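This is the structure, below, for whatever I ask next.
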Amino acid sequence: MSEAVREATKKGRPEFRNIHITDITTKYKMPPSAIVSILHRVSGAGMFLMLPFLLYLLQESLRSEISFYHFGGIVDNVFTKIILLGLIWAYAHHFTAGVRHLFMDNHLALDKDAAQKTARWVLVISLVLTALCGLKLFGVF
């Protein structure tokens, strides 16, 4: 501990430390609302970055009948299905977290316990929707 930190703690001043990205996952336990907030940003960025890929797939499906079958071949690839499953999760999570934010904008579920409960519900609902869509995508039903 440096001399300045020792002096600050003696005088009752708050101690500020630089936090590295690896400290967040190992030393600090984030509440569910923080996880949902971070994933909301990640899912929005993921959907934005995948927009050219989705527009390409739409273009290929609408060009002609032959290109529609070519599009079908692209979507039948397992790698493409995994990418689409990630996009499905991103959309489901972003949508459910957005609905949660709309409720919070209307002054509902703002206290700590309710916010943590709704954050857990966002995680559960988005994963259930992703699982259902994934089962349909991979042809289980």
Side-chain angles (χ1 to χ4, degrees), residues 1-65 67-141:
M1 195 184 281
S2 71
E3 184 64 33
V5 172
R6 270 189 244 123
E7 185 178 328
T9 50
K10 253 193 249 182
K11 292 182 179 180
R13 295 182 189 151
E15 179 182 339
F16 298 102
R17 297 181 184 179
N18 290 332
I19 299 174
H20 192 265
I21 190 72
T22 57
D23 293 340
I24 292 173
T25 57
T26 57
K27 293 182 181 177
Y28 298 96
K29 184 177 188 302
M30 289 191 293
S33 56
I35 295 169
V36 167
S37 177
I38 291 168
L39 290 177
H40 185 74
R41 293 170 190 220
V42 168
S43 63
M47 288 189 300
F48 177 75
L49 292 174
M50 291 303 291
L51 193 59
F53 175 69
L54 292 175
L55 289 175
Y56 167 73
L57 292 178
L58 179 64
Q59 173 191 339
E60 287 299 310
S61 70
L62 297 176
R63 187 178 300 171
S64 68
E65 188 175 346
S67 66
F68 179 79
Y69 290 114
H70 180 273
F71 167 75
I74 291 172
V75 173
D76 279 340
N77 188 349
V78 175
F79 182 69
T80 306
K81 285 184 179 183
I82 291 171
I83 291 173
L84 288 174
L85 189 63
L87 283 170
I88 289 168
W89 169 82
Y91 179 76
H93 180 80
H94 202 77
F95 181 79
T96 54
V99 170
R100 176 180 179 256
H101 284 293
L102 286 175
F103 277 105
M104 293 173 78
D105 286 344
N106 287 309
H107 305 287
L108 299 170
L110 288 178
D111 61 299
K112 185 177 177 180
D113 292 334
Q116 301 308 324
K117 185 188 271 187
T118 58
R120 287 184 189 98
W121 274 110
V122 164
L123 293 171
V124 168
I125 290 170
S126 65
L127 289 176
V128 167
L129 289 174
T130 302
L132 289 174
C133 292
L135 291 173
K136 182 67 176 170
L137 181 67
F138 284 98
V140 173
F141 59 87

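Nothing here was measured: the structure is a model prediction, and the numbers come from that model.
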Side chain to side chain donor-acceptor pair (under 3.5 Å) partners of T118, counting only residues at least two apart: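 Result, side chain to side chain donor-acceptor pair (under 3.5 Å) vs T118: R100.
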
Sequence-distant partners of A131, side-chain contact (heavy atoms from CB on, under 4.5 Å), two or more places apart: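 Once residues adjacent in sequence are excluded, A131 has no partner under the side-chain contact (heavy atoms from CB on, under 4.5 Å) criterion.
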
Sequence-distant partners of L108, side-chain contact (heavy atoms from CB on, under 4.5 Å), two or more places apart: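 With sequence neighbours excluded, L108 shows a side-chain contact (heavy atoms from CB on, under 4.5 Å) to F103, given in chain and number order.
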
D105 CG to L110 CG distance, which is reported to the nearest 0.5 Å: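 One finds 9.0 Å between CG of D105 and CG of L110.
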
Those residues that, when tested against Q116, pass side chain to side chain donor-acceptor pair (under 3.5 Å) (two or more places apart):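 For Q116, the residues satisfying side chain to side chain donor-acceptor pair (under 3.5 Å) (neighbours in sequence not counted) are S33.
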
With sequence neighbours excluded, residues passing side-chain contact (heavy atoms from CB on, under 4.5 Å) with D111: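 For D111 the side-chain contact (heavy atoms from CB on, under 4.5 Å) partners, ignoring immediate neighbours, are D113, A114.
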
Less than 3.5 Å apart, which donor and acceptor atoms pair up between the side chains of residues 41-56 and the rest of the protein, not counting sequence neighbours?
residue: S43; atom: OG; partner: L39; partner atom: O; Å: 3.0
residue: S43; atom: OG; partner: H40; partner atom: O; Å: 2.9
residue: S43; atom: OG; partner: H94; partner atom: ND1; Å: 3.1

Donor-acceptor under 3.5 Å (N77 side chain, G73 main chain):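 No, N77 side chain to G73 backbone: no donor-acceptor pair under 3.5 Å.
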
Stepwise side-chain contact (heavy atoms from CB on, under 4.5 Å) check, L87 with Y91: CA-CA 6 Å; L87 283 170; Y91 179 76; over 6 Å; no

Atom of I74, atom of T80 and distance for their closest heavy-atom approach: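 Smallest interatomic distance, heavy atoms only, reads O-OG1, 3.0 Å.
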
Nearest heavy atoms of L85 and L137, plus distance in Å: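 The pair with the smallest heavy-atom distance is N-CD2, 4.1 Å.
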
Nearest heavy-atom neighbours spanning M30 and I35: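 Smallest heavy-atom distance, with atoms named: O-CD1, 4.0 Å.
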
Side chains of L58 and F71 in contact at under 4.5 Å (non-hydrogen atoms):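 They are not in side-chain contact.
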
Qualifying residues under salt bridge (charged side-chain N to carboxylate O under 4.0 Å, His left out), relative to R120, sequence neighbours excluded: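 Partners of R120 under the salt bridge (charged side-chain N to carboxylate O under 4.0 Å, His left out) test: none.
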
All pairs passing ring pair (Phe, Tyr, Trp, His ring centres under 6.0 Å) where residues 116-141 contributes a residue, at least two apart: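 Every candidate ring pair (Phe, Tyr, Trp, His ring centres under 6.0 Å) pair involving residues 116-141 fails, so no pair, neighbours aside, qualifies.
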
Sole candidate of V36, T130, L129 that passes side-chain contact (heavy atoms from CB on, under 4.5 Å) when paired with H93: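 It is V36; the other options fail the test.
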
Sequence-distant partners of V128, side-chain contact (heavy atoms from CB on, under 4.5 Å), two or more places apart: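 Result, side-chain contact (heavy atoms from CB on, under 4.5 Å) vs V128: V124, L132.
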
